[in-house]
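Along the sequence shown, residues are numbered consecutively beginning with 1.
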Amino acid sequence: MPASAPAIDCDLLVVGGGINGAGIARDAAGRGMSVLLCDKDDLAAHTSSASTKLIHGGLRYLEHYEFGLVRKALTEREVLLRAAPHIMRPLRFILPHDQGQRPAWLIRTGLFLYDHLARRALLPGSQAVDLRQHVAGTVLKASFTRGFAYSDVWVDDARLVVLNAIDAAERGATILTRTRCESVVRQDGHWLTSLRGSDGTNGAIRSVTARCLVNATGPWAAQFLQTASHRPSAKAVRLVKGSHIVVKRLFAHPDAYIFQHPDGRIIFAIPYEQDFTLIGTTDIEYRGDADRVGIEQDEVAYLCALSNRYFQQEITPADVVWSYSGVRPLLQDASSDASAVTRDYRLEFDTAGAPLLSVFGGKITTFRKLAEEAVDLIAAKLSNRHGAWTATACLPGGDVFGSQPSDRSVLEFDHFITGLQRQYAWLPPALVARYARAYGTRIHVLLDGRHAIADMGQEIAGGLFAAEVAYWMRHEWAHNATDMLWRRSKLGLHLPPGSDAVLDAWIATANAAA
């Protein structure tokens with residue numbers, strides 16, 4: 001029989017450890033609410049680690065007249081960039097003009113709106129480019145002679161989720177990964193719930209009484225809502241699968257590309273992990289098991305074909321070194337085209353008894369605003385008078401030049417790295433740079449009390465020391481090699497085959513000795 005853990009009473013139980021659940025837990029904990037977040041898997045185990053790694057306004061959404069969504073997302077770009085400059089960075093995009101696709105005047109109009117729908121202080125505006133003279137044109141086929149450049153932001157999506165969970169925990173929240181919410185019942189103005197940990201957490205059963213329940217389960221939102229309220233939601237979720245491929249680096253310059261396809265869709269080609277190019281995404285209706293999502297061969301062929309339409313260096317499925325897929329839980333609408341389904345979000349707040357807030361739709365760029373609006377609703381219902389606060393707060397590690405988000409943290413981040421390399425001169429400079437990008441100022445927690453390479457413990461794999469693994473386990477809820485090599489980092493791309501088994505064996509030994 002699984003053991004029973006102590007019962008918990010809290011203001012807010014958040015079910016779902018993706019970006020929306022973690023963002024809501026962080027915001028609520030910062031307003032003084034007692035919060036518990038649970039997820040049946042790891043943090044960001046599904047949709048939130050399967051994005052195109054962009055904080056962006058959504059240039060193509062303008063074609064669908066979603067001006068409000070684009071404005072909201074554009075506003076959030078720089079708010080988030082200032083809050084977490086270590087896991088985000090400005091990224092310039094090149095849009096080659098294809099004579100057979102959208103006309104140049106339409107693209108110029110869209111980019112003008114993109115530049116001016118929201119205030120922009122850190123990111124340069126758009127411009128026309130001569131690809132015969134621009135470095136980005138050197139790797140493209142000769143038929144592409146002109147194009148456009150504009151700006152958005154790159155993000156480490158899985159680490160963004162983890163940083164929100166860390167901040168929530170440091171503000172008093174309890175984070176339970178690998179813990180399934182098995183039952184929920186309304187009773188006497190509260191939610192009575194039963195949580196069960198997986199075997200990796202000793203299978204403990206925990207009773208939780210919560211004043212409010214948040215359904216942030218993403219692809220499982222409609223299913224969970226029916227279980228919780230015993231009635232279907234008025235809002236339907238449309239599952240759209242997006243897949244990406246990673247190949248060896250196709251270009252050496254720092255800009256990314258956005259390519260048009262004859263079918264009207266677009267894909268991105270993004271410099272990734274120094275040595276690779278990330279290409280995606282597809283948009284396909286998905287009706288399978290959301291726990292078992294994988295790329296199909298026709299998706300690989302589609303992405304290769306579109307890359308080959310533009311790049312001189314052609315790729316085949318055999319060149320793919322890694323791929324990933326995720327299911328986006330989008331709001332159902334009348335569109336027959338999966339790529340045209342709205343990326344905006346809706347919040348459904350059921351107050352017929354103990355309050356239940358369900359999150360439908362959304363995109364990673366607008367998670368902070370979604371969380372703020374959600375907690376505003378909850379706070380009013382729970383008589384919590386603490387106001388919104390996250391717009392002017394750094395995420396953990398983002399306080400590079402002071403406790404408040406600043407332009408300087410973005411514009412001078414390379415100076416921050418240089419200073420760390422001097423401070424920790426006993427470590428290889430490239431390793432310090434990786435730590436700076438992953439942890440920001442939290443690098444000092446990772447390296448506390450360490451003064452020589454021997455203090456980092458065993459080098460389990462190339463560049464991965466026991467000290468970092470222990471940090472992930474102690475501070476970031478990582479349990480196994482998949483958590484560590486593909487979500488807390490992307491070291492899985494750089495290490496030799498079999499490194500995951502080596503790491504899992506090391507973890508098992510460390511846990512047995514603890």
Side-chain angles (χ1 to χ4, degrees), residues 52-59 71-94 111 114-127 129 134-136 148-157 159-160 163-164 167 252-258 268 270-274 364-369 389-425 429-446:
T52 313
K53 324 300 182 191
L54 298 178
I55 299 294
H56 65 137
L59 180 61
R71 180 182 292 108
K72 180 163 50 182
L74 289 174
T75 300
E76 284 297 292
R77 273 189 323 190
E78 295 196 2
V79 172
L80 296 177
L81 180 57
R82 292 184 184 93
H86 49 318
I87 62 162
M88 302 186 194
R89 64 175 181 270
L91 185 59
R92 197 74 168 157
F93 286 82
I94 303 298
L111 289 172
Y114 208 66
D115 284 342
H116 294 92
L117 274 172
R119 181 178 178 272
R120 174 176 45 82
L122 290 169
L123 302 177
S126 61
Q127 65 184 97
V129 294
H134 195 284
V135 65
F148 302 89
Y150 71 95
S151 297
D152 268 318
V153 172
W154 179 89
V155 63
D156 185 329
D157 53 5
R159 290 209 60 77
L160 180 63
L163 295 188
N164 274 272
D167 205 8
H253 62 78
D255 296 340
Y257 295 88
I258 176 172
F268 296 99
I270 299 171
Y272 193 58
E273 287 289 309
Q274 294 83 47
I364 197 166
T365 304
T366 52
F367 87 89
R368 189 206 63 82
K369 192 64 178 173
W389 61 277
T390 58
T392 56
C394 292
L395 280 158
D399 52 341
V400 174
F401 292 110
S403 60
Q404 295 297 311
S406 69
D407 291 359
R408 186 184 174 198
S409 294
V410 178
L411 299 174
E412 300 181 30
F413 195 84
D414 286 344
H415 296 304
F416 171 68
I417 294 177
T418 302
L420 291 174
Q421 289 169 332
R422 287 195 299 267
Q423 182 177 354
Y424 298 108
L431 185 59
V432 175
R434 179 172 76 78
Y435 288 166
R437 281 289 176 193
Y439 310 112
T441 60
R442 298 296 173 104
I443 188 176
H444 304 305
V445 178
L446 170 64

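Residue Cys394 comes nearest to Pro405 through the heavy atom pair SG-N, 3.5 Å, listed as atom of the first residue, atom of the second, then distance. Contact between Leu81 and Leu122 at its shortest, heavy atoms only, is CD2-CD1, 4.0 Å. The shortest non-hydrogen separation linking Leu160 to Asn164 is O-ND2, 2.9 Å. Of all the heavy atoms in Ala83 and Pro85, the pair that sits closest is C-CD, 3.6 Å. Between Thr441 and Val400 the shortest heavy-atom distance is CG2-CA, 3.9 Å. Across all their heavy atoms, Val129 and Phe148 have their closest contact at CG2-N, 3.7 Å.
Every side-chain contact (heavy atoms from CB on, under 4.5 Å) that Pro124 has, sequence neighbours left out, goes to Arg92, Ser151. Residues passing the ring pair (Phe, Tyr, Trp, His ring centres under 6.0 Å) test with Phe268 are Phe93, sequence neighbours excluded. For the ring pair (Phe, Tyr, Trp, His ring centres under 6.0 Å) test, residues two or more places apart in sequence or in another chain that qualify with Tyr114 are Tyr150. Remark: Ala391 pairs with Arg368 by the side-chain contact (heavy atoms from CB on, under 4.5 Å) rule, at least two apart or across chains. Gln423 meets the side-chain hydrogen bond (donor to acceptor under 3.5 Å, both in side chains) test with no other residue; sequence neighbours excluded. Taking the side-chain hydrogen bond (donor to acceptor under 3.5 Å, both in side chains) definition, one finds that His134 meets it with nothing, sequence neighbours left out. Asp156 meets the side-chain hydrogen bond (donor to acceptor under 3.5 Å, both in side chains) test with no other residue; sequence neighbours excluded. Residues satisfying the salt bridge (charged side-chain N to carboxylate O under 4.0 Å, His left out) criterion with Arg442, sequence neighbours excluded, are Glu170. Taking Glu412 as the reference, Phe401, Arg408, His415 meet the side-chain contact (heavy atoms from CB on, under 4.5 Å) condition, with sequence neighbours excluded. Applying the side-chain hydrogen bond (donor to acceptor under 3.5 Å, both in side chains) criterion to His444, with sequence neighbours excluded, gives Tyr424.
In this structure the side chain of Ile364 never reaches within 4.5 angstrom of the side chain of Leu54, judged on heavy atoms. In this structure the side chain of Phe367 reaches within 4.5 angstrom of the side chain of Leu80, judged on heavy atoms.
Atom CZ of Arg434 sits about 9.0 Å away from atom CD of Glu273, to the nearest 0.5 Å. Atom CG in Leu395 sits 11.5 Å away from atom CZ in Arg159 (nearest 0.5 Å). Distance check, rounded to the nearest 0.5 Å: CZ of Arg119 to CG of Leu74 gives 13.5 Å.
The aromatic rings of Phe413 and Phe416 lie tilted to each other, with the angle between the two planes from 30° to 60°.
Of the possible polar contacts, one joining the Tyr257 side chain to the Ala136 backbone as a donor-acceptor pair under 3.5 Å is found. Side-chain N or O atoms of Thr366 include none that pairs as donor or acceptor with a backbone N or O of Lys369 at under 3.5 Å.
Applying the side-chain hydrogen bond (donor to acceptor under 3.5 Å, both in side chains) test to pairs two or more places apart or on separate chains, those with a residue in residues 77-86 are Arg77-Asp152, Glu78-Arg82, Arg82-Asp407.
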